[in-house]
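Heads up: the structure comes next, in structure tokens.
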Amino acid sequence: QKEVEQNSGPLSVPEGAIASLNCTYSDRGSQSFFWYRQYSGKSPELIMFIYSNGDKEDGRFTAQLNKASQYVSLLIRDSQPSDSATYLCAVKSPPDGLTFGKGTHLIIQP
Amino acid sequence: DGGITQSPKYLFRKEGQNVTLSCEQNLNHDAMYWYRQDPGQGLRLIYYSQIVNDFQKGDIAEGYSVSREKKESFPLTVTSAQKNPTAFYLCASSVSGRTEAFFGQGTRLTVV
């Protein structure tokens, strides 16, 4: 059984600080890694994806991947109240669809 | 506008009834997926299809059925055999060969 683990939170971060979200996965054959943001009652929105070890930056977001440790993280710099949401980590192990973690609830305190 | 359209947004079903959830995309994506989300839970894969007239079971396919007669459409039927159908159902699609999946707005199904 492929598993993706996330701390459910809530993770509370002051406005303007860096939010750090973490995820571990069980299947070493996983090839692609994704972070989705989900507001309450809404569908998930893709915010980052990463395929190779190392860091990938997009605006205020940085995804980090360490395949040896089976670990993925998402950093959000200069956190804003609008970043308050549940962040879902997802992993793809072909040929299946994405396997999701249960999500981390992030709260940005003004 | 390109996107993934799910309908209806809210659906109420009586126990023992089958219901069909619609998912249509005009993104020319080859792959389509159905997920289920329960409160406080992550998404669980029900069925997926990589190509027309072909689909595979996901982790929780029991009590569900799908069809893929057209590239644009991937309807999900929740049958009376599904014991706990009340959930948020999400349809997604992706380009073949790439793995980012984009989601529709979801259908919230409630059994009454």
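Residue numbers begin at 1 in each chain, while the letters A, B, ... track the order of the sequences. Side chains are part of it too, since the values below use all heavy atoms of this structure and drop only hydrogens, waters and symmetry mates. All figures in this text were calculated on a predicted structure; none of them were measured in a lab.
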Flag yes if [X] and [Y] sit in one hydrophobic cluster, no otherwise; membership is Ile, Leu, Val, Met, Phe, Trp, Tyr, and two members link when side-chain heavy atoms are under 4.5 Å apart.
{"X": "A:W35", "Y": "A:Y39", "value": "no"}
{"X": "B:V78", "Y": "B:L11", "value": "yes"}
{"X": "B:Y47", "Y": "B:F88", "value": "no"}

Between A:S43 (side chain only) and B:F103 (backbone N and O only), is there a donor and an acceptor less than 3.5 Å apart? no
Checking [X] against chain A: side chain, backbone, both or neither under 4.5 Å from a heavy atom?
{"X": "B:R44", "answer": "neither"}
{"X": "B:Q6", "answer": "neither"}
{"X": "B:L43", "answer": "both"}

Taking side chain as everything from C-beta outward and backbone as N, CA, C, O, which of these in A:Q38 sits under 4.5 Å from a heavy atom of chain B? Side chain, backbone, both or neither. side chain
Honestly, the part of A:L98 sitting under 4.5 Å from a heavy atom of chain B is both
State whether the number of non-hydrogen atoms from other residues, nucleotides or ligands found under 6.0 Å of [X] atom [atom1] is greater than 12.
{"X": "B:K70", "atom1": "NZ", "result": "no"}
{"X": "A:E15", "atom1": "CD", "result": "yes"}
{"X": "A:K67", "atom1": "NZ", "result": "yes"}
{"X": "B:E62", "atom1": "CD", "result": "no"}

Between B:Q37, B:Q56, B:R108, which has the largest tally of heavy atom pairs under 4.5 Å with chain A? B:Q37
Of the non-hydrogen atoms in A:Y36 and B:E100, which two are nearest, and what is the gap between them? OH-C, 4.4 Å
When rounded to the nearest 0.5 Å, the distance separating CG of B:L90 from CZ of A:F100 is 8.5 Å
So which of A:P44, A:S8, A:A90 has the largest heavy-atom pair count under 4.5 angstrom toward chain B?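 Top count of heavy-atom pairs under 4.5 Å with chain B: A:P44.
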